[in-house]
Asks: 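I am attaching a structure below and will ask some questions about it afterwards.
Convention: sequence-line order gives letters A, B, ...; per-chain numbering from 1.
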Amino acid sequence: MRSEFVPNDVKHRPAEVSHLSDILRPVTKGNRPEPSFLYGPSGAGKTCIARHTLEQLQQNVVDLNTQYVNCWEEHTGFQTLYHVLDAVGNTHDIHRRSTPTDELLQRLREYDGPQYIVILDEVDQLEDKEILYDFHRIQNLSMILIANREEDVFSDFDGRLSSRLQTCIRIRFNQYDLDQLVTILEDRVQWGLEQGAIETEGLERIADHAAGDARVAIGLLRNAARQAAQQQTERISDDVIDAVVSETKTEIRQKTTDKLTPHQQVLYELITDTDHIGGGDLYDAYRNAVDNAKTRRTMRNYLAKLQQYNLITANGNTKNRTYSAQG
DNA sequence: GATCCACAGGAATCCTCGGGGT
DNA sequence: ACCCCGAGGATTCCTGTGGATC
């Protein structure tokens, strides 16, 4: 029931799966595939499809290295590079920080093993996107890039970078519709719940709350099941489902805010407490709220980060800009 | 329309941390 | 024990922008 669980049969996205498989097919002959870019809203199955396709591929191709890197967790170029290098060895002696980025890159350039496919998830969170250009030039290395919005990754590239990665094949993921979500949930029910614990109507109710986001849908099902178990009822009723909706949504939001620093969390809370707040007022409030407040400039950097994470939105520009919570 | 102000955000610089070499 | 190095964060410095005021 965990959201990372990859079902054996990904039947909900046949077109996307086969498209991605086609792109990756050259590795079966030892050739290098073109880089690909999966984009679309969260909970649309991008990560799931990428991992699944790669796993399938690995069963058919003897010589294949793969790696999954979440660029949110490894958001600097150095960290991402480290993890990419890690999967093909060569990192045992660089646990130290004092190894320069260039040396890691050099080792990767010297890589001459079998074809190597890297999934770079949430690549829009990668701070140093230049590194993608470096990856692209590594022989036998190909990338599957994943992000929510196309422009977050490709807009701020300089010309060189975007032209080099223009061959990148883009696959768009749309939100799941109600029926697809129900199918996904049925799958989980079969693996994780007693028969008859929940009927199709209940799943539809969950899918409706989830609004196209599979991660939310699965979270709802999980929490509803747990709640029902606590109440020692055998069926998951509509009331139970409705009761866990807000809990589940804050839980998912919590996962995002947990990754913020304490100062960033304070800022986020200040913004959620008001419906609109300007930069000056916000800084005053922030200074009152914490000891050792950072500078204004740093706060602006934090705000930019919160925007990137889609936690807040900025309205208007320069002087009259206000910030408000999103979602 | 000239000037001032409040703010955004880019670039350069400073600071800190952890680890290696001597 | 000491110094040095590199990464990454924070700060300082700076330029640009749009609204307000005269």
Asks: Could you tell me whether A/Y39 and A/F37 have their ring centroids closer than 6.0 angstrom?
Replies: yes
Asks: Look at A/T76 and C/dA7 and indicate whether a side-chain polar atom (N or O) is within less than 4.0 Å of OP1 or OP2.
Replies: no
Asks: For the pair made of CG in A/N315 and P in B/dC7, what is the distance, rounded to whole Å?
Replies: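 So the two atoms are 16 Å apart, to the nearest Å.
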Asks: Is the positively charged end of A/R51 above the ring of A/Y68, judged by distance under 6.0 angstrom from the centroid and angle within 45° of the axis?
Replies: yes
Asks: What is the distance from NZ of A/K305 to P of C/dG8, rounded to the nearest Å?
Replies: 11 Å
Asks: Using atom CG of A/L105 as one end and atom C1' of C/dA7 as the other, report the distance to the nearest whole Å.
Replies: 15 Å
Asks: How long is the straight-line distance from CG of A/L24 back to CG of A/N31, given to the nearest 0.5 Å?
Replies: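 Answer for the CG-CG pair, A/N31 versus A/L24, is 13.0 Å.
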Asks: Could you check, using the six-membered ring where one of them is a Trp, whether A/Y286 and A/H263 have ring centers closer than 6.0 angstrom?
Replies: yes
Asks: Whole angstroms only, please: what is the CG-P distance between A/D102 and C/dC5?
Replies: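 Answer to the nearest Å: 16 Å.
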Asks: In this structure, how many angstroms lie between the C1' atom of C/dC5 and the CZ atom of A/F78, rounded?
Replies: 12 Å
Asks: Just N and O in the side chain of A/Y323: are any of them under 4.0 Å from OP1 or OP2 of B/dC7?
Replies: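 Answer no for this pair, as no side-chain N or O of A/Y323 is under 4.0 Å from OP1 or OP2.
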Asks: Quick check for you: among B/dA8, C/dA7, C/dT11, whose closest atom lies nearest to any side-chain atom of A/K294?
Replies: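 Of the candidates, C/dT11 comes closest.
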Asks: Would you mind reading off the distance between A/N301 atom CG and B/dA11 atom C1', rounded to a whole angstrom?
Replies: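 Distance check: A/N301 CG to B/dA11 C1' gives 12 Å.
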Asks: Just compare C/dT11, C/dA10, C/dG8 and give me whichever is closest to any side-chain atom of A/Y302.
Replies: C/dA10
Asks: Could you tell me whether the side chains of A/S21 and A/S18 share a donor-acceptor contact shorter than 3.5 Å?
Replies: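 Distance-only check fails for A/S21 and A/S18.
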Asks: Got a sec? Which of residues 259-290 of chain A come in under 4.0 Å of DNA chain B, heavy atoms?
Replies: A/G280
Asks: Between A/N292 (CG) and B/dT16 (P), how many Å, whole number?
Replies: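 The distance from CG of A/N292 to P of B/dT16 comes to 13 Å, rounded to the nearest Å.
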Asks: The side chain of A/E127 is closest to which nucleotide in this list: B/dA8, C/dG9, C/dA10?
Replies: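 Nucleotide nearest to A/E127's side chain: C/dG9.
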Asks: C/dG6 P sits how many Å from A/L81 CG, rounded?
Replies: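 In whole Å, C/dG6 P lies 16 Å from A/L81 CG.
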Asks: Using only heavy-atom distances, determine whether the side chains of A/Q125 and A/H75 contain a donor-acceptor pair under 3.5 Å.
Replies: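 Their side chains do not contain a donor-acceptor pair, so the 3.5 Å distance test is not met.
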Asks: Please name the pair of heavy atoms, one in A/P33 and one in A/S142, separated by the smallest distance, quoted to 0.1 Å.
Replies: CD-OG, 3.3 Å
Asks: Under 4.0 Å, counting only non-hydrogen atoms across every strand here, what does A/R296 touch: a base, just sugar-phosphate, or nothing?
Replies: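 Since no nucleic acid heavy atom lies under 4.0 Å of A/R296, the category is nothing.
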Asks: Is any side-chain N of the basic residue among A/D258 and A/K255 closer than 4.0 Å to the acidic one's carboxylate O?
Replies: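 So A/D258 does not pair with A/K255 through a salt bridge.
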Asks: Would you call A/D124 and A/K129 a salt bridge, taking side-chain N to carboxylate O under 4.0 Å as the test?
Replies: no
Asks: Can you check each nucleotide of nucleotides 12-22 of chain C against protein heavy atoms at under 4.0 Å and return B for base, S for sugar-phosphate only, - for none, in 5' to 3' order?
Replies: B----BBS---
